[in-house]
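The block underneath contains the structure these notes are about, expressed in structure tokens.
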Amino acid sequence: FTLRLGLLALSLGVIVGIPAGVVAALKQNTWVDYLTSFVTTIGISVPGFVVAIFLIFIFAVGLHLIPVLPKWEDPVSWIMPAAVLGFGTMASLARYTRTQMLDVMRQDYIRTARAKGLQERVVVLKHMLRNSLIPVVTILGPAIAGLITGSFIIEQMFSFPGIGAEFVVSIFNRDYSMIMGTTLFL
């Protein structure tokens, strides 16, 4: 369950973070860029358990969109823990993508591609995004490890039956062999 949750959170982070960074870079110094910077600053600086409390209060208690006591067979129950776990990764990817895109936008070969008369979409997707993603992809490896090992608190908050919850239960039960095994695994 933990691996599935981590991969789902990583997918959400990539699917939302990279396009948000691209749009923020293309709309530099507009309200879109400022909003993206504000959200990414919150995502980087606010801990996951605080985000989880706010999301539980808004979507489960206030709007009744997501069940308070989840059934893990139901795909809707996976949305909130994955969103909370992937929020920090999304923010980091968006910030990093924006920075890389702004750096690539100022390169000579981008000016040359535009001077050749290429469509803006081709310049952005083929030249700018492709060269911007090289450094961004390198942070995905540590992000995967961070998502899997950083899920202890999130699994406890959402009553998620994963390795983090098993680790916490083994600490309370003083099951030293399980503690050592999960530590070695993680």
Side-chain angles (χ1 to χ4, degrees), residues 1-52 54-55 58-59 65-66 75-76 78-154 162 164 186:
F1 276 142
T2 301
L3 183 62
R4 188 183 309 171
L5 179 65
L7 291 177
L8 185 61
L10 180 69
S11 300
L12 284 173
V14 168
I15 289 170
V16 174
I18 291 177
V22 170
V23 170
L26 293 176
K27 306 284 186 183
Q28 184 182 13
N29 296 328
T30 63
W31 68 271
V32 175
D33 184 27
Y34 296 139
L35 179 68
T36 305
S37 296
F38 178 73
V39 171
T40 56
T41 302
I42 289 173
I44 291 172
S45 59
V46 175
F49 65 89
V50 175
V51 174
F54 280 115
L55 287 180
I58 292 169
F59 291 109
L65 293 175
I66 298 185
V76 175
W78 289 75
I79 294 171
M80 187 117 51
V84 170
L85 198 57
F87 189 58
T89 303
M90 179 274 305
S92 298
L93 285 174
R95 174 78 51 108
Y96 207 61
T97 303
R98 179 188 178 276
T99 304
Q100 292 300 317
M101 284 286 290
L102 289 175
D103 187 40
V104 168
M105 283 172 67
R106 295 179 179 92
Q107 297 295 322
D108 290 334
Y109 64 89
I110 299 298
R111 256 184 259 126
T112 304
R114 286 187 174 134
K116 285 180 8 182
L118 291 176
Q119 294 177 353
E120 186 66 20
R121 184 177 57 89
V122 174
V123 172
V124 169
L125 293 177
K126 188 171 181 182
H127 297 287
M128 290 165 58
L129 184 61
R130 186 181 291 176
N131 291 316
S132 296
L133 287 183
I134 295 169
V136 172
V137 169
T138 59
I139 65 169
L140 288 179
I144 293 170
L147 286 174
I148 293 172
T149 59
S151 64
F152 295 128
I153 296 172
I154 303 304
L186 294 173

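All of these numbers come straight from a predicted model, not from anything done at the bench.
Val84 and Gly48 make their closest contact through CG1-O, 3.3 Å (heavy atoms, listed as atom of the first residue, atom of the second, distance). Of all non-hydrogen atoms in Val14 and Pro19, the two that sit nearest each other are O-CD, 3.6 Å. Between Ala52 and Ile154, the shortest heavy-atom distance links the atoms CB-CD1, 4.5 Å. Considering all non-hydrogen atoms of both residues, Trp78 and Leu5 come closest at CZ3-N, 3.8 Å. Across all non-hydrogen atoms, the minimal contact from Ala143 to Thr89 is CB-CG2, 4.1 Å. Taking every heavy atom of both residues into account, Leu85 and Gly6 meet most closely at CD2-CA, 4.5 Å.
Each of Val104, Thr99, Asp103 was evaluated against Ser132; a single residue qualifies, Val104, per the side chain to side chain contact (heavy atoms under 4.5 Å, CB included) test.
To the nearest 0.5 Å, atoms CG (Leu140) and CG (Leu93) are separated by 5.5 Å. Here CE of Met105 is found 6.0 Å from CG of Leu26. Values are rounded to the nearest 0.5 Å. Atom CG of Leu133 is separated from atom OG1 of Thr138 by 10.5 Å, given to the nearest 0.5 angstrom. Between atom OG1 of residue Thr40 and atom CE of residue Met90 there is a gap of 8.0 Å, rounded to the nearest 0.5 Å.
Remark: the backbone N or O of Ala94 is not paired with any side-chain donor or acceptor of Thr97 at under 3.5 angstrom. At distances below 3.5 Å, not a single donor-acceptor pair connects side-chain atoms of Arg98 with backbone N or O atoms of Val22. Side-chain atoms of Arg114 do not come within 3.5 Å of backbone N or O of Ile110 as any donor-acceptor pair.
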* To do: Kindly determine whether Phe87 and Val46 satisfy side-chain contact (heavy atoms from CB on, under 4.5 Å), including the steps that lead there.
  => CA-CA 10 Å; Phe87 189 58; Val46 175; 5.9 Å; no
* To do: Determine, stepwise, if the pair Thr36 / Val23 fulfils side-chain contact (heavy atoms from CB on, under 4.5 Å).
  => CA-CA 9 Å; Thr36 305; Val23 170; 5.9 Å; no
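At a threshold of 4.5 Å between non-hydrogen side-chain atoms, the residues Ser37 and Asp33 count as touching.
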Hey, can you pull the donor-acceptor pairs under 3.5 Å for the side chains in residues 123-131, sequence neighbours left out?
unit_1	atom_1	unit_2	atom_2	d
Asn131	ND2	Tyr109	OH	3.1
Asn131	ND2	His127	O	2.8

